[in-house]
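Below is one structure; the comments refer to it alone.
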Amino acid sequence: MKRYRRRGIRLAAVLAVALLAALAACSTGGGSSSSAGGLSKAKVSALSSDVNQGASTPQFSTYAAGYGSKVKSIANLRGKKIMIVPGNSELAACTEIAQADAALATSAGMKPTIFANQGTTSQYNTAIENAIHGGYAAIDAECDFDPTLVAPSIAQAQKAGIAVAVYGDTPQEAAKAKIKYSTVDPYQLDAKYAAEQAVAQAGGKPFKAIAITSNAAPATAIMQNALTSELKSICPGCTVSDYDVEVPNWTTDVSRTVTSALLQHPDATVLFPDYAGMLTYVLEGVQAAHATTKVKTYLAFGGGTPFIKLQATDPGKSIIQSDIGGYPPWTGYLLFLQTARELEHMSPIPYDKAIGPDRIATPGNAGNVLATGGWGTSWVNGFRGLLGLPSLSGSALTSASTLNGAMTAAP
């Protein structure tokens, strides 16, 4: 009897050791060293590598195949007028995109008009009506522009033979407004990068986060769904509380919403503001909550020089870890390329290929992005080649690739 009891004790001890070993393996990701109770160090390193790739300089060659063949000829574009409608001229990136679009249109011999506005439906309608009655050949609408708001006016323009291209519309908006020539941003990838960056910088450990959203903006749902999905995959212990502030109320409500949210969730260490245009007010809210030493922000889609500048000095340098967005000149050039293809009766660049690369601006590379434009020079001659324009070199190429240079008509 005692022998069986001893065997039972030994068996229980063996099982206990095995159970402890199994639990240890689970906590370390199958045997690799653990990052203080969260993801393994190897997984955190992999996330960091992915984020670093997203923060590197994009190459035109990576996207060129998706942009299609060279436009056969732009000779018949010379002298024709193009109406460029920013979604909201008060947003810096929208104005920068419009100016770059106008610069390339000028290089192609067209006569651009930028219709300044504050993002109202009535102003959009006026711009389209002016194009219809003013003998314009094309309309480029971009940046925070929802074509479904003015779908009847767009239909009238198309019926009048005007080419219409839109930047930033969702697939649903494009279908509803019957837009075939669109250019877009990789919203899902941006949100994925933001989640990866936040988890990596947290050392793989779960955190509590606050998202400042603008639910009426069509890109919001795309980004939020991707953000939630990615966090669920790589950090199931992370939680996110959403606070909705619509675009017209950013200047008055973002700051106090951030402060209130941080006071309600004193253990929150991460903020996900959906859009870069929120960042100035987000910083104000973080400071008012006396949380500058514990909170970091990620995502902030949109880019734009004024917001990247916030990352160059404190307090933004310590708080804003990512400002993810496309390069306005690249975006403007791509939109004009779609327009040129439509005017030449070529097929549109497919929706999933008509993408301008987004880059993660961080405190580490913000200076480089501001000084050099951050997107290199290859894209300038890449687009010019697709339009049959002569290549630039030397100082002309350098100037064209920078933000201000790209918004000045090149020879």
Side-chain angles (χ1 to χ4, degrees), residues 35-39 44 47 51 170 187-302 307 310-311 315-316 318-325 360 362:
S35 178
L39 294 179
V44 171
L47 294 180
V51 172
T170 65
Y187 300 121
Q188 294 95 332
L189 180 59
D190 294 342
K192 178 177 180 290
Y193 278 142
E196 290 179 338
Q197 188 184 25
V199 173
Q201 290 194 0
K205 295 182 291 185
F207 53 75
K208 291 188 177 181
I210 293 165
I212 308 299
T213 69
S214 289
N215 293 340
T220 298
I222 299 173
M223 289 192 292
Q224 285 298 309
N225 289 339
L227 179 69
T228 301
S229 176
E230 185 64 19
L231 285 175
K232 184 178 180 180
S233 172
I234 65 175
C235 184
C238 291
T239 63
V240 183
S241 300
D242 293 355
Y243 289 80
D244 178 39
V245 182
E246 298 306 336
V247 177
N249 303 321
W250 284 1
T251 58
T252 57
D253 291 358
V254 166
S255 176
R256 61 190 182 194
T257 297
V258 168
T259 300
S260 176
L262 288 174
L263 294 176
Q264 290 176 31
H265 303 277
D267 50 353
T269 56
V270 169
L271 284 174
F272 290 112
D274 276 352
Y275 299 99
M278 297 175 169
L279 286 175
T280 301
Y281 317 112
V282 167
L283 283 181
E284 293 174 357
V286 172
Q287 290 175 301
H290 304 289
T292 55
T293 60
K294 72 168 186 176
V295 171
K296 296 186 183 298
T297 75
Y298 304 88
L299 185 54
F301 166 77
F307 309 114
L310 294 176
Q311 296 177 288
S318 299
I319 297 171
I320 304 170
Q321 301 305 296
S322 54
D323 177 356
I324 304 177
I360 307 173
T362 70

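What you see is a predicted model; the values in this text were computed from it and never measured.
- The closest side-chain heavy-atom distance from Asn225 to Leu227 is not below 4.5 Å.
- Applying the ring-ring contact (aromatic ring centres under 6.0 Å, His included) rule to Phe301 yields the partners Tyr187; only residues at least two apart in sequence or on another chain are considered.
- Residues forming a salt bridge (Lys or Arg N to Asp or Glu O under 4.0 Å) with Lys296 (at least two apart in sequence, or on another chain): none.
- Here the straight-line distance linking atom CG of Leu310 with atom CD1 of Ile320 works out to 4.5 Å at 0.5 Å rounding.
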Identify every side-chain donor-acceptor pair in residues 269-278 under 3.5 Å, counting partners at least two apart or on other chains, and give the distances.
{"from": "Asp274", "atom 1": "OD1", "to": "Gln224", "atom 2": "NE2", "distance (Å)": "2.6"}
{"from": "Asp274", "atom 1": "OD2", "to": "Gln224", "atom 2": "NE2", "distance (Å)": "3.3"}
{"from": "Tyr275", "atom 1": "OH", "to": "Thr220", "atom 2": "N", "distance (Å)": "3.1"}
{"from": "Tyr275", "atom 1": "OH", "to": "Thr220", "atom 2": "OG1", "distance (Å)": "2.7"}

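- Within the 4.5 Å cutoff, the side chain of Thr257 has no heavy atoms near those of the Tyr281 side chain.
- Counting only heavy atoms from C-beta outward, the side chains of Gln188 and Met223 never approach each other to under 4.5 Å.
- For Gln311, there are no side-chain hydrogen bond (donor to acceptor under 3.5 Å, both in side chains) partners, not counting sequence neighbours.
- Taking Ser322 as the reference, Gln197 meet the side-chain hydrogen bond (donor to acceptor under 3.5 Å, both in side chains) condition, with sequence neighbours excluded.
- Note that CD1 of Ile222 is 10.5 Å distant from CG of Asp190, once rounded to the nearest 0.5 Å.
- Between Asp323 and Ala300, the shortest heavy-atom distance links the atoms OD1-O, 3.1 Å.
- Within the structure, salt bridge (charged side-chain N to carboxylate O under 4.0 Å, His left out) contacts touching residues 206-230 (residues at least two apart or in different chains) are Lys208-Asp267.
- In this structure, the side chains of Val199 and Val44 stay at 4.5 Å or more apart for every pair of heavy atoms.
- Listed by chain and number, the residues in a side chain to side chain contact (heavy atoms under 4.5 Å, CB included) with Ser229 amount to none (sequence neighbours excluded).
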Contacts under 3.5 angstrom, residues 282-291 side chains, donor-acceptor by atom type, not counting sequence neighbours:
none

Pairs under 3.5 angstrom only: tabulate donor-acceptor contacts from the side chains of residues 231-250 to other protein residues two or more places apart or in another chain.
{"from": "Tyr243", "atom 1": "OH", "to": "Gln264", "atom 2": "OE1", "distance (Å)": "3.0"}
{"from": "Tyr243", "atom 1": "OH", "to": "His265", "atom 2": "NE2", "distance (Å)": "3.0"}
{"from": "Asp244", "atom 1": "OD1", "to": "Asn215", "atom 2": "N", "distance (Å)": "2.8"}
{"from": "Glu246", "atom 1": "OE1", "to": "Ala216", "atom 2": "N", "distance (Å)": "3.0"}
{"from": "Glu246", "atom 1": "OE2", "to": "Asn215", "atom 2": "N", "distance (Å)": "3.2"}
{"from": "Glu246", "atom 1": "OE2", "to": "Ala216", "atom 2": "N", "distance (Å)": "3.3"}
{"from": "Trp250", "atom 1": "NE1", "to": "Ser214", "atom 2": "OG", "distance (Å)": "2.9"}
{"from": "Trp250", "atom 1": "NE1", "to": "Val245", "atom 2": "O", "distance (Å)": "3.2"}

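- Residues that satisfy the side-chain hydrogen bond (donor to acceptor under 3.5 Å, both in side chains) test with Thr170, not counting sequence neighbours, are Gln172.
- A distance of 11.0 Å separates CG of Asp253 from OG of Ser260, quoted to the nearest 0.5 Å.
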